[in-house]
Amino acid sequence: MTRSLDLDLDAIARHAQREILVLSANQTVASAVRAIGAARPAWVVVVREEDWEPRPYLYAYRPLELVHIVVAYGPDTLSLRAALNLQEKKASAVGTAGEPAPTPSDTTGSASRIVTVDAERVPIRVDETAPITRGGLRPPSPPPARPSAPSPMPPSPLPPSPPGGSGPPTSGGPPTRGLPTSGPPPAGPSTAAPTIDMRIGTRAPAAVTIGTEDVIDVIVADAADAITLPGSVTATGSATEPIVAILTLLGDAVTVVGPSILRLDPPKPGAPSQSAFVIRGVAEGAVQAAVIFRQGGTELGNMRHQIRATAQSTPAVRAAGTATGAQRAVGDGGVLLLQIDPITSGTAGTAGTDIRFRYRVHCADLGLDFQEFESPKLLASNGTPAESLRAYVAGIYDQMTNQILRTQDQVNRFRREVEAFGVQLCGQLFPADLAAALWDGRAKITAVRVMSWEPFIPWELIRLKDPKGRDSDDRFLGQYGLVRWLPGRSAARSLPLKDWSFLAATYPNNPADNVTGEVAYFTATLPQRGIQPVQVASTYDAFVEALENPTFDVLHVACHGEAKEDNIDKAVLVITDELVNGRTQSVSITADVVAMTARFGDRRPLVFLNACEAGRLGESLTAWGGWPKRLIDAGAGAVVGASWPVRDVASNTFATAFYDALIGGKTLAEAASEARGAASGVGDGTWLAFKVFGDPHGGR
């Protein structure tokens with residue numbers, strides 16, 4: 001990593017010999033790195049002096065992050081000023097010993113830190129955490145007193161340009177909640193907004209030693225730059241709005257040190273924007289890491305890594321992320337992002353278990369700029385702490401599935417119970433400050449994007465409630481165009497909808513179970529619109545052949561399905577039946593078979609499983625199980641499935657309204673919203689079972 005420089009990075013990361021090392025911004029990278037290796041400080045403060053300023057600018061870094069920034073890409077002879085791209089807005093806040101601490105201007109990198117100086121202006125302490133106001137939101141940063149003087153641009157073809165002003169942020173304390181804003185975030189770009197073609201990429205260690213720190217490099221470069229970025233993908237975005245990178249981890253072996261959100265300026269030719277997340281190995285094992293790049297309400301890319309934590313020292317092997325890129329969508333200011341991470345303390349299933357959710361929330365039109373919120377402790381139906389996420393969600397599914405809906409009175413009662421339960425879920429899952437923000441701004445929400453490792457909770461069922469009163473929303477969250485996706489992968493933005501295939505299950509030995517409701521839509525309605533679907537025979541071999549050699553942009557599967565909470569990987573699609581020794585047996589296909597056989601490649605099709613429980617996700621020993629996960633891993637660009645039994649009329653109404661909207665040019669979020677609205681008119685609540693996975697902006 002340091003080329004000709006010989007450093008003991010483990011010693012630097014673990015054994016600080018002095019508190020602060022002060023370096024001049026005019027020092028070369030080589031001399032700075034040698035000084036860090038010799039002094040092994042806890043903090044490095046870079047001093048930048050200007051003729052027009054009575055006092056110097058100070059920039060506080062942890063030594064390991066500074067080494068990664070200045071050494072990984074820039075020449076050894078480059079100055080720290082150029083290598084770190086030291087701009088005024090990146091400077092740390094400066095306080096004087098014995099006086100009230102100032103407020104940092106940002107929560108990323110050096111701008112998030114406070115350097116305390118003595119009477120001689122010598123740095124004596126560095127603090128990481130900024131003051132937090134009630135509700136977890138920091139007050140807006142005051143505008144600068146005067147325009148900043150221009151900073152020199154580095155001459156290197158790949159100079160580091162950390163987000164919003166610094167290198168990778170680190171913190172020895174707990175993560176702070178909320179991110180600063182300087183007024184509401186900008187709304188989505190207009191069609192006249194300047195755009196830029198860029199390449200985005202990440203590099204992460206294959207392994208990290210327990211007790212030591214390493215970094216996940218993040219870079220956004222102009223697409224025309226003649227630089228090598230293995231694993232990078234092309235995206236098109238605004239040339240003026242910040243790009244946000246969000247790190248999320250699945251697993252406990254590695255933790256994030258400091259903020260998990262970075263802000264990067266849009267790149268300029270020859271001047272990429274670059275930063276890094278700092279991670280630490282804490283226990284033997286492996287984690288999945290996802291870095292999601294967003295601009296406004298649009299996802300530009302979604303990269304994934306697997307990182308192993310080990311007790312033994314590991315070689316410095318770094319791997320590029322894998323993903324696909326996308327274009328910035330126009331008019332995305334009303335897209336509400338709910339980035340959701342489960343938090344569990346204690347041992348699941350034992351006394352003292354504390355299960356919560358942490359939300360990172362963004363919606364430009366609501367003035368939410370990646371603020372963090374934390375849910376109340378999850379409680380079981382008897383009011384005691386939930387033993388596990390599985391146990392908590394089992395109670396939800398029991399209320400949805402253990403219902404008899406044979407008469408209109410039973411249907412009406414069930415609908416009212418579902419509405420009341422949605423309000424209850426809001427109080428259980430959303431903290432009061434988040435519920436208030438969404439309640440007040442709900443009219444501005446155009447779509448909801450749920451990004452979560454959490455596989456169980458039916459977020460579609462939530463019904464917003466005014467935390468200050470008794471009023472509740474007349475819509476479920478699913479009716480706001482809620483679309484899900486999984487961290488570490490990219491959904492398809494383009495859904496061609498040109499070639500269609502469908503399978504309608506038949507059961508020769510139980511003809512009454514045949515699936516016929518949707519057949520007319522594919523055999524009569526679509527041909528009238530110039531679409532000629534191909535029917536896949538209702539046999540095991542034909543279905544597997546279609547998955548192995550796809551010729552479709554849309555695959556619709558109508559059948560029966562089964563899934564069990566305690567063994568979700570064994571969820572099956574029952575596509576036909578057969579006689580064995582005179583007895584009728586189901587012929588089914590498992591999600592495991594799909595994982596082994598489906599190869600969708602570049603087609604990125606939309607797959608619609610109209611089968612009871614086919615949309616439910618679960619965890620296996622090593623990764624997520626369930627159909628949506630398996631299909632997305634196989635390359636599906638969007639997936640639709642149901643999490644519990646859906647009545648035939650509601651199911652058919654949802655499917656036809658969903659397809660009609662997509663064919664008519666609506667986005668995936670708009671189609672999901674229209675389909676839920678149409679199916680809700682059937683009169684029961686089973687239509688809420690449908691989960692839609694994909695990009696909310698996806699469409700023809």
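This chain uses plain numbering: 1 for the first residue, then up along the sequence. Keep in mind that the numbers below use all heavy atoms, side chains included, and drop hydrogens, waters and symmetry copies.
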Visitor: For Arg356, give me all partners under side-chain hydrogen bond (donor to acceptor under 3.5 Å, both in side chains), at least two apart in sequence or on another chain.
Guide: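 Expected list: Asp354.
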Visitor: Between Ser375 (side chain) and Phe357 (backbone), is there a donor-acceptor pair under 3.5 Å?
Guide: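 Answer holds: yes.
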Visitor: Can you spot which of Thr584, Asn510, Thr506 makes a side-chain hydrogen bond (donor to acceptor under 3.5 Å, both in side chains) with Asp577?
Guide: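 Of the listed residues Thr584, Asn510, Thr506, the side-chain hydrogen bond (donor to acceptor under 3.5 Å, both in side chains) partner of Asp577 is Asn510.
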Visitor: I want to check something: taking the side chain as every heavy atom from C-beta on, are Glu518 and Phe502 in contact at a cut-off of under 4.5 Å?
Guide: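 No, too far: nothing below the 4.5 Å cut-off.
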Visitor: Parallel, tilted or perpendicular for Phe552 and Phe600, by the 30°/60° rule?
Guide: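 Rings of Phe552 and Phe600: perpendicular, as their planes differ by over 60°.
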Visitor: For the atom pair CD1 (Ile246) and CZ (Arg360), what is the distance rounded to the nearest 0.5 Å?
Guide: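 Going from CD1 on Ile246 over to CZ on Arg360, the span is 6.5 Å.
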Visitor: Distance only, no hydrogens: is a donor on one side chain within 3.5 Å (strictly under) of an acceptor on the other, for His556 and Tyr521?
Guide: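 On atom types as modelled, these side chains do not qualify, holding no pair under 3.5 Å.
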Visitor: When you compare the side chain of Leu547 with that of Val594, does any pair of heavy atoms fall below 4.5 Å?
Guide: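 Side-chain contact under 4.5 Å: yes.
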Visitor: Quick one: does Val361's side chain get under 4.5 Å of Leu338's, heavy atoms only?
Guide: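 A side-chain contact under 4.5 Å exists here.
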Visitor: How about Val423 and Asp473: do any of their side-chain heavy atoms sit closer than 4.5 Å?
Guide: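 They are not in side-chain contact.
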Visitor: Ile462 and Ile457: side chain to side chain contact (heavy atoms under 4.5 Å, CB included), yes or no, with the steps?
Guide: CA-CA 10 Å; Ile462 292 177; Ile457 302 298; 5.7 Å; no
Visitor: Going by salt bridge (Lys or Arg N to Asp or Glu O under 4.0 Å), name the pairs with one or both residues in residues 524-538, residues two or more places apart or in two chains.
Guide: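 Counting only pairs at least two positions apart or across chains, the salt bridge (Lys or Arg N to Asp or Glu O under 4.0 Å) contacts touching residues 524-538 are Arg529-Asp660.
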Visitor: Apply the test side chain to side chain contact (heavy atoms under 4.5 Å, CB included) to residues Phe543 and Thr597: give CA-CA distance (whole Å), side-chain angles for both, the deciding distance (0.1 Å), then the verdict.
Guide: CA-CA 10 Å; Phe543 190 26; Thr597 61; over 6 Å; no
Visitor: What is the ring orientation for Phe522 with Tyr659, classed by angle as parallel under 30°, tilted 30 to 60°, or perpendicular over 60°?
Guide: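 Phe522 and Tyr659: perpendicular rings.
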Visitor: Within the structure provided, determine whether His697 and Arg493 are in side-chain contact (heavy-atom separation under 4.5 Å).
Guide: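 His697 vs Arg493: side chains touch.
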Visitor: Using a strict cut-off of less than 4.0 Å between a Lys/Arg side-chain nitrogen and an Asp/Glu carboxylate oxygen, indicate whether Asp553 and Lys498 qualify as a salt bridge.
Guide: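 No salt bridge links Asp553 with Lys498.
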Visitor: Does NZ or CZ of Arg475 come closer than 6.0 Å to the centre of the six-membered ring of Tyr480, within 45° of the ring's axis?
Guide: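 The answer is yes, since Arg475 meets both limits relative to Tyr480.
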Visitor: So, does Ser673 use its side chain to make a donor-acceptor pair with the main chain of Gln479 at under 3.5 Å?
Guide: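 Side chain of Ser673 to backbone of Gln479: a pair is present.
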Visitor: In terms of relative ring orientation, are Trp459 and Phe430 parallel, tilted or perpendicular, with 30° and 60° separating the classes?
Guide: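 Geometry flag for Phe430 against Trp459: parallel rings.
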Visitor: Is any side-chain heavy atom of Tyr540 closer than 4.5 Å to one of Thr576?
Guide: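 SC-SC contact between Thr576 and Tyr540 ruled out.
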